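Before any comments, here is the structure.
Please read all numbers here as calculations on a predicted model, not as lab measurements.
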Amino acid sequence: MPNFVPGLLLPGERSEMDAHAGWVAPRRRPWLSRGWPGWRRAALFLLEYLGIAGGYVLLGWLGLVSMPDGRLVTVWPAGGFALAMLLLRGTSRWPAILLGSLLNSFWFVPWRWVIPEGTFVPIIPESIATVLTSLSRVLSTVVGVWLIRRYVGTTRWPHTLRGVIGFVVFAVLVHPALTAVTTHASLLAVGLVEFGPVFLRETWIWFNANSAGVLVVTPLILVLLESPVGRPRRTHGEVALVGSLTLLAGLVALNFQWWLGGVGIPLVYPITPFMLWVTVRFGARGAVLTNLMWAGVTFLSMSVANDGEAELARTFAQYQARLVVIDSFILFMAAAFEERHQMQRALEKERESLGARVAERTRELARFLSLLHSSLESTADGLLVVDRGGHITVTNQRFAELWRIPTSVIESGDDARALGFVREQLREPEAFLSRVEYLYAHPDLESEDEIQLVDGRVFHRFSRPQRLGEEIVGRVWSFRDITSRRQAEAERDRLLVEESRARQEAERAFREAQKALGVRDEFLSVAAHEMKTPLTSMKMQLQHLQRLLVGASGGQVEAARLRPVVATALRQMRRFQEVGEHLLDMTRLTSGRLEPRHDPLDFREVVAEQLELHAEAARKARSELRLECTGPIPGECDRPRLGRIVGCLLSNAIKFGAGGPLTVRLETREGRVRLQVVDHGIGIAPEDHERIFERLERAVDSRHYGGLGLGLWIARQSAEALGGHITVESELGKGATFTVELPLSCQSHAPRRSDPPAEQELPTA
């Protein structure tokens, strides 16, 4: 299929393929490049524009020549030529159409028919009218191309009935209507015509002339510039013969007009069957050629008519109606024929493809049957296929060997007889037959079970429905001897159980050892770090003190310089002592050797002492310590142990309080004293509330927060040893509240001594 219009497509242009006839308006490269190739392309581009303009002028002259009385425009082929060129070459060629229209207007004045003869028209209004009418024709043509592209979907000739109908609507009706209205509106705007019956009549005549020109010329150009589509190719001899007959038919029709005078064009109808035959034989090409013949006969008949003005107007309306109806019908018929032919060719190709697929499938089926038979006989399973009527359709040799069924029983094809034969071999025949009957009664079920035979063999039975498409036509049974496998599996299971037990014991021991080693290593690492830190600080303070003494003048050192050094050393000494006490408490609490003392004391005083001891640490953490207590709370308790509980809770709150205020509440309730330590720090997840009270456990990473992980454990163990308990309320990001409840008087409450926790002993190095 050619993708160019001879003489119109320039070098360097590229065309895009169309869905119907092959191509649309080309996308051109820059044509004004340097050197001789650029000038050559420019010259060809100019020649193309001049060619389009010349074609427009020539066809415009032809339309004016064919006017019967010199004033009645019967056909305007230039409009059809302009529409075809913009469809083929793109709307960018509108300047060429404008040039042709201007030349046509200046030379032939195609709008002068609307002005009474003898009327003088000044040069300026005439020039303005020429420009405006030319611009209106170009604009309406561009709009017509856009409508065809938008609603027909192609810029080539559509070879479908729907596409041809759309082309007739938008190209033959809408586009000429736009041209007629805009052209006469331009004349009306200049003042050459007045609005009235004459204006409407001339607009209607111009619409018919453009419609006839588009209906004949545009399909002719679009179809003849493409290869045959959707129809059989014809020989050159047949084409020449049909062309000659077409010319002869046109001449005969004209002779009828000349010979018979008033009978005229109605006698042309006998050539309609010939037009239909050419359309069927040649499709769209035959249709446009016969339409050209029909239009030539029609307009030549009108041009030679010698009727009066009224009769000529009536004859014009009749001829135009016949032309539009017959030409449109011929084009519709050609499109329907081509669609039918394309469908027929598609069906023929599909039939050939289907025949080839059937032959291939037949060969594949033969190979499949051979493979299936070989597979059935080579498989280790015994296979049995029974149809819905209880007849055996397929078995293999392995099935007969497994069940030791005689050949005569299998060849009989009676499934009930085969079941009766194997009944005596089963350990549970009733269950076997009951399952078979149940599956036959429910053909869509699948089943898988094991069968015990009286000789000790074990068969694995699998059954599923046999389907032909969506229809169930029978049932397939598969039997496999798994006796050896079951024996091997039993022995394997016994060995696996023994091995599993041994492995579990080894893994448990290994995990315990690994856990103990891990706890020991972590504890030693943390303990060494906690002990090293205060020792290092004390060493630095002592070295600083030594430097002060060495540098003192006269052997005297100011107390103000010694006081902070000594205070820092004492504070680190207390921290070192606290670490040692934690280690000692862990040993005592683990071994159960903690014996609490019951001495009179003031609970508020003990809490205040701990607040004072932790004031420096709270200040460094930017936390404010608050004590909420109404007054002294006398009672009996182990003072060191109570101080240890308060100190552990305060250390924990300072460490995780995130610099927020820390509140200590102390109150009495029903013979018990309640201590609450509240912080607003990072908080504790609910799932970690119990774990944090375990020995060496933390809810955070020890690399970010120091400590031995013993403080809360010591606090809980100490509280329980004193007859009380400790709880926590906290959420992540919302701080924590630790609550300790102790008896107010240990004399009135027997001290509850907790048993040593069922945990591993303190790891040793």
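In this structure, T160 OG1 and E339 CD are separated by 5.0 Å, a value rounded to the nearest 0.5 Å. We find the CH2-CZ distance between W477 and F462 to be 11.0 Å, quoted to the nearest 0.5 Å. Atom CZ of R340 is separated from atom CE of M333 by 10.5 Å, given to the nearest 0.5 angstrom. Atom-to-atom distance recorded for L44:CG and Y49:OH is 13.5 Å, nearest 0.5 angstrom.
Remark: T379 pairs with no residue by the side chain to side chain donor-acceptor pair (under 3.5 Å) rule, at least two apart or across chains.
Residues L102 and V131 meet the side-chain proximity criterion, which asks for heavy atoms closer than 4.5 Å. The side-chain heavy atoms of D415 and Y440, taken from C-beta on, include a pair separated by under 4.5 Å. Counting heavy atoms from C-beta on, the side chains of L173 and F207 come closer than 4.5 Å. I221 is listed as a side-chain neighbour of M85, based on a closest heavy-atom distance under 4.5 Å. Two residues are said to be in side-chain contact when any heavy atoms from C-beta on lie closer than 4.5 Å; T183 and T203 fail this criterion. Taking the side chain as every heavy atom from C-beta outward, L50 and L99 approach each other to under 4.5 Å. Counting heavy atoms from C-beta outward, H175 and T141 have side chains that approach closer than 4.5 Å. When side chains are defined from C-beta on, V143 does not count as touching V174, because their heavy atoms never get closer than 4.5 Å.
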H159 and E338: CA distance, side-chain angles, deciding distance, side chain to side chain contact (heavy atoms under 4.5 Å, CB included) verdict: CA-CA 7 Å; H159 293 275; E338 290 179 349; 2.7 Å; yes

In sequence, state the C-alpha distance, the side-chain angles, and the governing distance for L135 and L98, and then conclude on side chain to side chain contact (heavy atoms under 4.5 Å, CB included). CA-CA 7 Å; L135 288 174; L98 178 61; 3.7 Å; yes

Go through V172 and D327 one step at a time and tell me if the side chain to side chain contact (heavy atoms under 4.5 Å, CB included) criterion holds. CA-CA 11 Å; V172 181; D327 283 9; over 6 Å; no

Begin from the C-alpha positions of E360 and R367 and carry the test salt bridge (Lys or Arg N to Asp or Glu O under 4.0 Å) through to its verdict. CA-CA 11 Å; E360 180 63 24; R367 291 194 297 268; 3.7 Å; yes

Starting from the C-alpha separation in whole Å, work towards a yes-or-no answer on side chain to side chain contact (heavy atoms under 4.5 Å, CB included) for R351 and L347. CA-CA 6 Å; R351 181 179 60 80; L347 289 176; over 6 Å; no

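Checking side-chain atoms of T393 against main-chain N and O of V385 turns up a donor-acceptor pair under 3.5 Å. Although no hydrogens or angles enter the test, the distance criterion places a donor-acceptor pair under 3.5 Å between the side chain of T182 and the main chain of T179. A donor-acceptor pair under 3.5 Å is formed between the side chain of S140 and the backbone N or O of S136. Remark: the backbone N or O of V358 is paired with a side-chain donor or acceptor of T362 at under 3.5 angstrom. Although no hydrogens or angles enter the test, the distance criterion places no donor-acceptor pair under 3.5 Å between the side chain of R398 and the main chain of L383. At least one donor-acceptor pair closer than 3.5 Å links the side chain of H442 to the backbone N or O of Y438. Between the side chain of T218 and the backbone N or O of G80, at least one donor-acceptor pair lies under 3.5 Å. A donor-acceptor pair under 3.5 Å is formed between the side chain of R156 and the backbone N or O of L87. In this structure, the side chain of R149 does not engage the main chain of T155 through any donor-acceptor pair within 3.5 Å.
Using a 4.0 Å cut-off between charged side-chain N and carboxylate O, R357 and E350 make a salt bridge.
In plain terms, the two heavy atoms of L224 and R285 that are nearest each other are O-NH2, 3.8 Å. Scanning both residues, L331 and P219, for their nearest heavy atoms gives CD1-CG, 4.2 Å.
If you run side-chain contact (heavy atoms from CB on, under 4.5 Å) between I97 and each of L86, V142, T91, only L86 comes through.
Counting heavy atoms of neighbouring residues, nucleotides and ligands inside a 6.0 Å radius, atom CZ of R464 does not exceed 12 of them. Other residues, nucleotides and ligands place no more than 12 heavy atoms under 6.0 Å from the CZ atom of F368. Residue W94 qualifies as open at atom CH2: its count of foreign heavy atoms under 6.0 Å is 12 or below.
Y151 and W146 have perpendicular rings, their planes meeting at more than 60° on a 0 to 90° scale where under 30° would count as parallel.
For F167 and W157, the ring centers are positioned less than 6.0 Å apart.
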